[in-house]
Asker: 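Sending over a structure as structure tokens; questions will come in a sec.
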Amino acid sequence: MTEQQHRPTALLVMEERRRGDVYPEAVLKEIETLVDLREPLTRERLAEDPSALEGVEILLSGWGAPVLDSVLLGHARDLRAVLVAAGSVRPLTTPEFWARELPIVSAAAANAVPVAEFTLAQVLLGLKQVHRISREIRERRAYPPDPRVAGAYRSRVGLLGLGEIGALVASHLRGFDVEVLASDPVVDPATAEGLGVRLVGLEELFATCPVVSLHAPLLPETEGLVDGELVARMGIGATLINTARGAVVDEPSVIPVLAERPDLTAILDVTWPEPPEPDSPLYTLPNVVLTPHLAGALGAERARMGELVAGELRRFVLGEPLRHAVAPDLAHLRA
């Protein structure tokens, strides 16, 4: 950027706790070469003084983003773009925001990377039935003589959802000798084929895949979609992985199946409610592995999202096309 070019005014609004991870010093320095960056605020501070948005042309955010309702937008008359270092833009967008026809960037592609890595690791462990066999060894205090597992050789892996994360998982799995099946009503067969995936119905997905991994967004159509009947269809020693949203699983109907089927394993990185209630059987069922959003970006991994935002900011300032703008008609499909 030359001295003659206009330097837009930008404001960063997000929770303070994770701000340094998402926007570390190196990323902030890059951003400051492109814009005049005001002192950062939290959502709560902005609510106390919405006039802080006056004169702001670019809003940067992340976790703890402000809800862009009519009140805030009324003070953001100069706003030209919103860049969010997080996966979903649903929590901060409103009809009033979309009516402004402003570009909004999501860092879903960056957040997808660690989730897909975590999923790949659990898929491979699931194909070897590592968790189940480990449980049995502890219970019996003896090694099984000849474990029978699917393994990663011409086995099936099922993906429920082929969005940003599901597609990346499918891409990773192309490096292995497995058949990838998926169920996703908004993906056409040609797109799935390009990912090396064959589309099937939900029942076939659960009945024929030794590992099923959930990557569906939480929508009215997907709430409670994975119920006890589907999980009961899974084969002996099968593994269910959920890194999507807890409410996609109908826990009241799935928990009894897991209790009756100790051969199954459920890897739950998300639950509903979250965390589970103190008396939830999820804490005590030996075939349930609970992790607290370990799949998502943690620590230094979060900087990847800030780097994506900085790259998009540079493109915006230079008048280049944005690569990660969210289309208004697709925003509701984000997790």
Side-chain angles (χ1 to χ4, degrees), residues 7-69 71-73 75-76 78-94 97 102-115 117-118 164 269-270 274-275 292-317 322-326 334-335:
R7 286 174 58 86
T9 298
L11 175 66
L12 171 58
V13 182
M14 69 171 292
E15 64 177 36
E16 191 171 358
R17 178 168 60 97
R18 290 183 278 195
R19 191 172 64 210
D21 287 343
V22 178
Y23 293 96
E25 185 177 350
V27 172
L28 286 178
K29 284 184 177 178
E30 181 179 356
I31 289 173
E32 288 170 344
T33 66
L34 301 167
V35 297
D36 289 329
L37 187 62
R38 293 182 178 177
E39 284 295 313
L41 296 174
T42 62
R43 175 172 56 195
E44 293 75 19
R45 290 290 304 277
L46 182 62
E48 294 171 0
D49 182 17
S51 66
L53 281 171
E54 293 175 3
V56 171
E57 297 168 76
I58 300 172
L59 177 65
L60 308 175
S61 194
W63 283 293
V67 178
L68 297 174
D69 56 18
V71 174
L72 288 187
L73 290 170
H75 291 273
D78 297 319
L79 192 63
R80 296 166 50 205
V82 178
L83 286 71
V84 186
S88 176
V89 300
R90 282 200 296 174
L92 71 153
T93 53
T94 63
F97 170 80
L102 298 170
I104 184 167
V105 163
S106 160
N111 190 53
V113 174
V115 180
E117 292 170 346
F118 179 94
E164 197 101 45
D269 195 49
V270 290
E274 195 167 270
H293 280 274
L294 290 184
L298 296 175
E301 293 174 325
R302 294 169 178 160
R304 188 184 276 119
M305 293 186 286
E307 290 167 1
L308 182 148
V309 162
E312 288 286 79
L313 178 62
R314 180 174 295 278
R315 281 183 278 276
F316 183 79
V317 169
L322 297 170
R323 296 177 183 172
H324 300 279
V326 179
R334 297 280 184 173

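As the structure is a computational prediction, the values presented were derived from the model and not from experiment.
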Asker: Can you confirm whether Val35 sits close enough to Leu313 that some side-chain heavy atom of one is under 4.5 Å from a side-chain heavy atom of the other?
Answerer: yes
Asker: Within a strict 4.5 Å, meaning less than it, do heavy atoms of the Phe97 and Ile104 side chains meet?
Answerer: yes
Asker: Considering non-hydrogen atoms only, spot the tightest contact between Leu294 and Phe118 and give its length.
Answerer: CB-CE1, 4.1 Å
Asker: Would you give me the side-chain donor-acceptor pairs under 3.5 Å for residues 50-62, sequence neighbours excluded?
Answerer:
unit_1, atom_1, unit_2, atom_2, d
Ser51, OG, Asp49, OD1, 2.3
Glu54, OE2, His75, ND1, 3.3
Glu57, OE1, His6, NE2, 3.1
Glu57, OE1, Arg80, NH1, 3.2
Glu57, OE2, His6, NE2, 3.2
Glu57, OE2, Thr9, N, 3.1
Ser61, OG, Val13, O, 2.5

Asker: With a 3.5 Å distance limit and no angle check, can you tell me whether Thr94 reaches the backbone of Leu68 through a side-chain donor-acceptor pair?
Answerer: yes
Asker: Would you check if the side chain of Asn111 reaches a backbone N or O of Gly87 as a donor-acceptor pair within less than 3.5 Å?
Answerer: no
Asker: Can you tell me how far apart CG (Leu92) and CE (Met14) are? Round to the nearest 0.5 Å.
Answerer: 12.0 Å
Asker: Apply salt bridge (Lys or Arg N to Asp or Glu O under 4.0 Å) to the pair Arg315 and Glu312, showing each step before the final yes or no.
Answerer: CA-CA 5 Å; Arg315 281 183 278 276; Glu312 288 286 79; 2.7 Å; yes
Asker: Looking only at non-hydrogen atoms, find the nearest pair between Ser106 and Val326 and report the distance.
Answerer: CB-CG2, 3.5 Å
Asker: List for me each residue that meets salt bridge (Lys or Arg N to Asp or Glu O under 4.0 Å) alongside Arg323, sequence neighbours excluded, and say none if there are none.
Answerer: none
Asker: Could I get the full list of salt bridge (Lys or Arg N to Asp or Glu O under 4.0 Å) partners for Glu39, not counting sequence neighbours?
Answerer: none
Asker: Check residues 296-309 and write down every donor-acceptor pair under 3.5 Å in which the side-chain atom is one partner and the other belongs to a residue at least two apart or another chain.
Answerer:
unit_1, atom_1, unit_2, atom_2, d
Glu301, OE1, Leu298, N, 3.0
Arg302, NE, Ala297, O, 3.2
Arg302, NH1, Asp21, OD2, 2.9

Asker: Taking only residues two or more places apart in sequence, or in another chain, which ones meet Asp36 in a salt bridge (Lys or Arg N to Asp or Glu O under 4.0 Å)?
Answerer: Arg7
Asker: Is any side-chain heavy atom of Leu41 less than 4.5 Å from a side-chain heavy atom of Leu12?
Answerer: no
Asker: Which atoms form the tightest heavy-atom contact between Val22 and Ala85, and what is the distance?
Answerer: CG1-CB, 3.4 Å
Asker: Nearest 0.5 Å, what's the CG-OG1 distance between Leu102 and Thr93?
Answerer: 12.0 Å
Asker: Is the closest side-chain heavy-atom distance between Leu34 and Phe316 below 4.5 Å?
Answerer: no
Asker: Starting at CD1 of Ile31, measure out to CZ of Arg314 and round the result to the nearest 0.5 Å.
Answerer: 10.5 Å
Asker: Kindly indicate whether the side chain of Leu322, heavy atoms from C-beta on, has any atom under 4.5 Å from the side chain of Val105.
Answerer: yes
Asker: For atom CD of Glu274, is the number of surrounding heavy atoms from other residues, nucleotides or ligands below 6.0 Å larger than 12?
Answerer: yes
Asker: Quick one: pull up CZ in Arg43 and CD in Glu48 and give me the separation to the nearest 0.5 Å.
Answerer: 13.0 Å
Asker: Hey, could you give me the CZ/OG1 distance between Arg19 and Thr42, rounded to the nearest 0.5 Å?
Answerer: 8.0 Å
Asker: With sequence neighbours left out, write down each residue that passes salt bridge (Lys or Arg N to Asp or Glu O under 4.0 Å) with Glu15, or none if nothing qualifies.
Answerer: Arg17, Arg18
